[in-house]
Amino acid sequence: MEEHASSSSSSSQLQPSLDDCLKLFRGERDEQRLAGLLVLTKFCNKDDHTAIRKVYDALGPQFLHRLLRTGIGKGSDVGSSDNRDAYLQLSITVLAAFCRVPQIAASEEMINKIPLILEAISREAGSPIIEDCYEYLFLVSTASEEGVQTLYKSGGLNVLASQMMILPDGSHMIELALRLVQIIVIKLPSENVYSEHPTDLSLVVCAVAKQFAVLQNALKFEALHLLSTILSNRYSAPVYDALRLVENDVWSTNLWIGIVAILQNRVAPSHKLHALVLTECVISIVGERWLIGEMNLTGSQVSLPADRCILLILESSRVEIAVLLNDLAYLKYEASNASSNRENILVKQRNLGVAFSLVEKIIKLISSFGGEESTANAIISESTFTNIISGLNETIGVVLDYIRDAKEHGQMKGDDLLAAVRVIGSYLAEAPDACKDKVIELLGYILSIEGEDELSPFYSICFLLPMLCQITLETGGCKILASSGAFREVVGYLIALIDQNNFTSEDNGSIFLACDTILNLLLKEQIKFPSDDPSFIRLLVALSRWAEGMDDASIIMMASSICSLILDLTSEEALLNHPDFTSGDVGNLSKLIRRSFVMCGQLTNSCSDCTQDLISDDAKAEVDLFQIITSAYSSWADRFPSIKQAVESSGPFGFRCVS
């Protein structure tokens, strides 16, 4: 229908024409109704809901339904192809106009026509009627819950996904299609939509990514919001898998270009936040290398510098972190009623998690260069590398200040604090000397931080273990852990891991990191520990029981070496007088030490004819551990008669080993 153009026409002149149309609609023959529709399209205003309602009531739903079916080719009197096309265009145009009245759009008659409209879209790609089809679907889907449910159940998402890539860039049709997908993913249960249509959603992402890259109007922001909504959903894993199977990387290149455009221009903070959310999702799909490399806009000769994206992401994340930490500190410690700000705090904590995650991914990318600046410089310039390191140092300092503020306010628990520890640990694992004074000052407190659902510190220790293991290679680092009492937190963490008794490969890595850290501490002669420290007593018990059911030589040798060093701090008599230690534990320790001697004897025999170059790294490590065991055993054997008897009564193992 076209809006009447003559400004000189009055309502008194139009009314008879509308009345004439209404008389035709009430006629007995379809030809009369068809003639009335053709006349109506010449003057009726789409926004005149009163007139539209009168026309709809006079015409009734059945005639338009027959007209639509005839146009699609399903009516009893199909007629010629030219007639069908005319009927189809007329029926869909009028239906779309009717649906501008929300009550009509929400009616059962309109909802039931959704499958036919979807069929028309699939059959008539490129036809002028497609825009009216999309408008009809949008109006009906937004008018009622039944509308969007029918759209979904009728295969609407599949139709939209298959059509969006061929719709003209920036057109009203692509805008409506984009909004229809947004309605589906927001209003319907995510667990169903994402599990049933991962491939369709991946096609939508590819199509919308193109619009996000090429458009320079308000629709660009709608594309951004839809992309971040789809990919940040908790059920989006199947969509990630589907995107990884896409044959080319055009979609990720388009996202790179669109995100850079958002972050390097002055836009609303909410848009920048959505861009960061989207960035975190893309990296989770394709990896950190997506952050670097020259990108060319499709169909353009213009390329963007390789380091543009990573610098923008880092700077934007750093700004978000500084602002969010400041806001959180105010809301938690200074606002008049912190409880009323709970929802605001949760939102800011979620946003902080995104910014922290991006900083961690940048740290991971930089660490993948192996610490060699020459390797990094082959990909990004030396000045860029320096700027990244400088920015990371500054941000970690800001995060440590937030930790100090929490300590001063007596806060020990919080997911925001735990996330802060994680990002600190990620960076210190690669740069253990960064922010050294602040780290030393806060180390004991950091290791005591708990997440909201934790009953005792666990993950905070896990996040810092790589750094702790590195700094304990030096005597200075060991003194820090010993003087702060932080070593007890590491011991407690190791015992907790062992007690889980259902290790994953990640847990095994953490166990050995903790073991290495404790081993480093015990090997430093300058560091003195009390002989009756209860944390070490509990560790003796845990390690001996852990190794009891294991056949892995690395586990047995590691457990035996730590136990041997702890035993050198005390005596059998003192241990048996300790409430946490029993005679059964002495038996377990005896078995552990004896097994380590047997294993090293076997290793010696197998390696006796090998040159040093042919001995595996694992074997060399086990030899080093056995040397620790034998040295410690020589020192304390007489103080542990039960263990000495068990070891030496089993055979003359001797203390010779490959060196």
**Request:** With rounding to the nearest 0.5 Å, note down the distance linking CG in Leu160 to CZ in Arg179.
**Result:** 14.0 Å
**Asked** Quick one: are Glu280 and Ser284 in side-chain contact, heavy atoms under 4.5 Å?
**Response** yes
**side-chain hydrogen bond (donor to acceptor under 3.5 Å, both in side chains) assessment of Gln211 paired with Asp169** = CA-CA 6 Å; Gln211 302 303 309; Asp169 294 339; 2.8 Å; yes
Pair up each side-chain donor or acceptor in residues 180-193 with any protein partner under 3.5 Å, not counting sequence neighbours, and list the distances.
residue, atom, partner, partner atom, Å
Ser190, OG, Asn233, ND2, 3.0

**Message:** Quick check: do Arg318 and Leu314 have side-chain heavy atoms less than 4.5 Å from each other?
**Reply:** yes
**Request:** Can you run down the ring-ring contact (aromatic ring centres under 6.0 Å, His included) pairs that involve residues 153-180, sequence neighbours left out, and say none if there aren't any?
**Result:** none
**Request:** Return each pair, listed once, that meets side-chain hydrogen bond (donor to acceptor under 3.5 Å, both in side chains) where at least one residue sits in residues 141-150; pairs must be two or more places apart or across chains.
**Result:** none
**Message:** Between Lys113 and Glu109, does any side-chain N to carboxylate O distance fall below 4.0 Å?
**Reply:** no
**Item:** Approximate separation, where rounding is to 0.5 Å, of Phe212 CZ and Trp256 CH2
**Value:** 12.5 Å
**Heavy-atom check, side chain of Leu312 versus side chain of Ile259, under 4.5 Å** = no
Under 3.5 Å, side-chain donor or acceptor atoms of residues 266-273 against the rest of the protein: list the pairs with distances, not counting sequence neighbours.
residue, atom, partner, partner atom, Å
His271, ND1, His225, NE2, 3.2
Lys272, NZ, Leu263, O, 3.4

**Asked** Within a strict 4.5 Å, meaning less than it, do heavy atoms of the Ser252 and Val246 side chains meet?
**Response** no
**Asked** Within a reach of under 6.0 Å around CZ of Arg244, are more than 12 heavy atoms found that belong to other residues, nucleotides or ligands?
**Response** yes
**Counterpart residues, ring-ring contact (aromatic ring centres under 6.0 Å, His included), relative to Tyr152 (two or more places apart)** = His197
**Request:** Answer yes when Asp57 and Lys54 have at least one side-chain N-carboxylate O distance shorter than 4.0 Å, and no when they do not.
**Result:** no
**Request:** Return the set of residues passing ring-ring contact (aromatic ring centres under 6.0 Å, His included) with Tyr56 (not counting sequence neighbours), or none when no residue passes.
**Result:** Phe98
**Item:** Electrostatic pair Asp416:Lys332 at N-O distance under 4.0 angstrom
**Value:** yes
**Prompt:** Under the side-chain hydrogen bond (donor to acceptor under 3.5 Å, both in side chains) criterion, do Gln264 and Arg308 qualify, and how do the steps go?
**Reply:** CA-CA 9 Å; Gln264 70 182 359; Arg308 176 70 59 83; 2.8 Å; yes
**Item:** Over all atoms of both residues, closest heavy-atom pair of Asn254 and Ala209
**Value:** CB-O, 3.3 Å
**Nearest-0.5 Å distance that lies between atom CZ in Phe63 and atom CG in Leu68** = 11.5 Å
**Item:** Electrostatic pair Lys364:Glu360 at N-O distance under 4.0 angstrom
**Value:** no
**Asked** How about Glu108: does its CD atom have over 12 heavy atoms from other parts shown lying under 6.0 Å from it?
**Response** no
**Request:** Quick one: pull up CG in Leu331 and CD in Gln349 and give me the separation to the nearest 0.5 Å.
**Result:** 10.0 Å
